[in-house]
Amino acid sequence: MNLKFFGLLAALLLANLLNAQNFKGQVVSENNNEALSGARIQIKGGSSTYTDAYGTFRIQVDPEGETLVISFMGYGTKEIEVRPSNEIMRIALKEAPIQIQGVLVTGQLQNDPVLTMETNDYVRKIVQPRNVADLFSDVNGFSLIKRGNYAIDPSFRAAQYEQLNVQFDGGTKVMHACPNRMDPITTHVNPEEIEKIEIIKGPYTVRYGATFGGVVNMVTQKPSAMDYGLSGQINAGYESNGASMVSSAQIQQATSKYDIGGTIGYRDFGNYQDGDGTEIPSSFRSLEYGVRAGYNFSEDQRLQANWRQSYGRDVLHAGLPMDTDEDNSSMFSLDYKLTGRSGLLKEVTAKAYYSYVDHIMSNTKRPSFMMTEAISEIDATTSGGKLEFKLVPNAKLSLYTGLDLLHIARDGARTRLVKRNMMGPLPTPVQFVDKVWQDSYINDLGLFAESKYSLTHNTIWTAGVRYDNVRSEIKDPEGDFAALYPNLDKRTEHNISATTSLKYAPSTEFIMEVAYGRGVRSANMIERVINHFTVGQDPFEYIGNPNLDAEVNNQFELGFKGRLPLSEESLGAFSYSTSFYYSLYENYIVPVIDGTLTRKFMPGNEPLNPKVFRNLDEAYKTGFEAMVGFDFWDHFNFTTELAYVYAKNKDLNESLPLVPPLNTRFRLGYEVDRFWTNVNYTITSRQDDIAPSFGERSTPGYEVLDIRLGIIPVTNVSLGVAVLNVFDATYNNHLNFAFNNQAGFTNVPINDPGRNFSAFLQYKF
């Protein structure tokens, strides 16, 4: 295996040593000379690139000279004339934060605690994303929870589902309708729309809603000054494993006064095969489209509207008891921003949004259909908004204060037609109607204040406090649920969250931070109201508990990152980063077997006793992420990343559920302006720290090698090819669900795809 790996790598890299990028630069803030990570560098009318974590970039320019257009969120766009040079040009941008980007950070590392940003360059990844969750597959510290090929949830540091505050554009949310999460938030937006992903690694801010395990903000693409006029792109992709096709298109017209744009994407994925050639039932079709319009009343005032719809059809879920016949969602959001004010009030930001999900699932393609025909028609409504003010009493202090609102409502029923029982066919089928969500809602009104104070020119202290008033109600409870909880009524919870952090950045080459956050999360709707449904990774029936106390995460973190230039003449450098964290949980919510209760549906089947959601008294989590990288010989880069989580349920003396194993990645790449190639080698260790009460099993370790290659053959055209899982390994991630109600499969974890050839084509205009 190693000889094949190094031989192929050498062939790919040595064939391209004659290519070279001939201009190097660093983009910084004019205000404080801080490096701007993720700034866009574009040759006017030509190719583009982005700055790295330290503001540096390389690009190929014509010997006769080119015009570079440099832009970055929150800063004015700058154009400069450049020629090839061996010197590193320093480019300073002025602050001009009017564009509504929906981001959590304006690029200044000193301003936001424990934050990382990932640019979504899907052209270079050359993988056709099934949904937005696929964009997290290579982000250190993340794992994916898979129920098949469609319903994929991100997990970060063993926090998942509502433990992560997942949103779009700084606050827009859409909640799933299905109790089995067939339609998580990641399925409702076109992945090609996502420009970058911002991650706050814990409860270290109070400005973006109630946060327990961290904030994940997915930023959709917005126009900048370099995009004025008519522009767009067309994308197409293919994967051999499953004969899967992806296509999308974007178009926009933009001026300094207004912009309007649209995007559409279509996916048709077939059943894939694992490394042993076993076909996994996982096909689906999906269509997403969106329209965005923005208007600039002045240089300091902007209004923007977004409308999106997505449609999923004929979705097979290998790890769930039913399949999705239809999943339809609609989202509308409206954003307003006023900035550049004089006096105490500097900025006003407002957001409002509404989303609706209509979900239909059935068991018509499952073995259980012979005995019972089941169909569920359920819906979910999510709405909310935010109003925030930025106050600047003096040059050292900034205060963000405001309020936000989140409303979640769900309803719907499952209709069962029982055709057979243990004695044989029934002369007349019997129909039952089961209440899925019992017509329930949760309202969360949050008030927050967060300050940032400059202790010195390179030290920032952040402190914040948040109050959440959470109201919930089960308006139409099932009879047995009401009997189990006889005092059902409207419930009000009062949650207090807080954070404080200290960040020290003596230069653009080094930053250190220490943070504490108290994140509080009230129980989600599954944990509150589900009634004898199988919603876990095991065959147990689950029962909600409307009296659960809110979970509390007391998280401490120490992190640092830095960069050491290898010489003054080149961009070669040694970079490093690491984060260590410890979380002490209060009232951690887990499902526990209740021996006093019995199954409601198919009462003769095992397991006989259901699980009921309870609060744990003692639980904790600790771990780290680390990265070391080298940029060398101008165009080569090598990175290794490591992520580890250890969690303990002291009440049951076992691990907390869904804890990923130790994961190590090695990446070697070569990149010039019109060509790039990289090799990714991932080693995932065996996971024996499991939660037997959750139905978990030990998972063997595995190794996966991916090779990607891309080229820009002509201006505005990008072509990429990849070989994924080169050695056709048979493996499954620890967080994968097991096969459920599938003909020909026992209750074993779902394997990931075997060898897969992928191709991607993009044309920009």
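For the single chain, residues carry numbers from 1 onward in sequence order. Values below: all heavy atoms of this structure, side chains included; hydrogens, waters and symmetry mates excluded.
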Determine whether a donor-acceptor pair (N or O, by modelled atom type, separation under 3.5 Å) exists between the side chain of Asn716 and the backbone of Tyr763. no
Main chain of Ile280, side chain of Ser282: is a donor-acceptor contact present, judged purely on distance under 3.5 Å? yes
Does the ring center of Phe574 lie less than 6.0 Å from the ring center of Tyr576? yes
Determine whether Phe156 and Val216 make a side-chain contact, defined as any pair of heavy atoms from C-beta on separated by less than 4.5 Å. no
Would you call Glu193 and Arg308 a side-chain contact if the rule is heavy atoms closer than 4.5 Å? yes
Dump the intermediate steps for side chain to side chain donor-acceptor pair (under 3.5 Å) on Gln273 and Arg755, then the final yes or no. CA-CA 9 Å; Gln273 293 184 349; Arg755 185 182 295 115; over 6 Å; no
Is there side-chain contact between Phe757 and Leu724, with heavy atoms separated by less than 4.5 Å? no
Asp327 and Arg285 ion-paired at < 4.0 Å: no
Please test Arg58 against Glu671 for salt bridge (Lys or Arg N to Asp or Glu O under 4.0 Å), starting from the C-alpha separation and ending with a verdict. CA-CA 9 Å; Arg58 310 182 188 94; Glu671 182 173 347; over 6 Å; no
Please determine whether a side-chain nitrogen of the Lys or Arg among Glu87 and Lys24 lies less than 4.0 Å from a carboxylate oxygen of the Asp or Glu. no
Strictly distance-based, threshold 3.5 Å: is any side-chain N or O of Asn756 a donor or acceptor partner for the main-chain N or O of Val723? no
Side-chain donor/acceptor of Gln687 to backbone N/O of Pro660, under 3.5 Å: yes
Test your reading of the model: is there a side-chain donor-acceptor pair from Asp274 to the backbone of Asn751, 3.5 Å cut-off? no
Side chain to side chain donor-acceptor pair (under 3.5 Å) with Lys146: which of Asn736, Asp153, Asp752? Asp752
side-chain contact (heavy atoms from CB on, under 4.5 Å) for Tyr311 and Tyr266? Distances and angles first, verdict last. CA-CA 10 Å; Tyr311 305 93; Tyr266 177 74; over 6 Å; no
With the threshold set at 4.0 Å, does a side-chain nitrogen-carboxylate oxygen contact exist between Glu641 and Arg667? no
Can you find a heavy atom in the side chain of Gln160 that is under 4.5 Å from one in the side chain of Ile145? yes
Backbone N or O of Leu36 within a donor-acceptor pair of the Thr51 side chain at under 3.5 Å? yes
Are side-chain N/O atoms of Ser143 and Ser155 paired as donor and acceptor at under 3.5 Å? no
Flag, side chain of Thr172 to backbone of Asp169, donor-acceptor distance under 3.5 Å: no
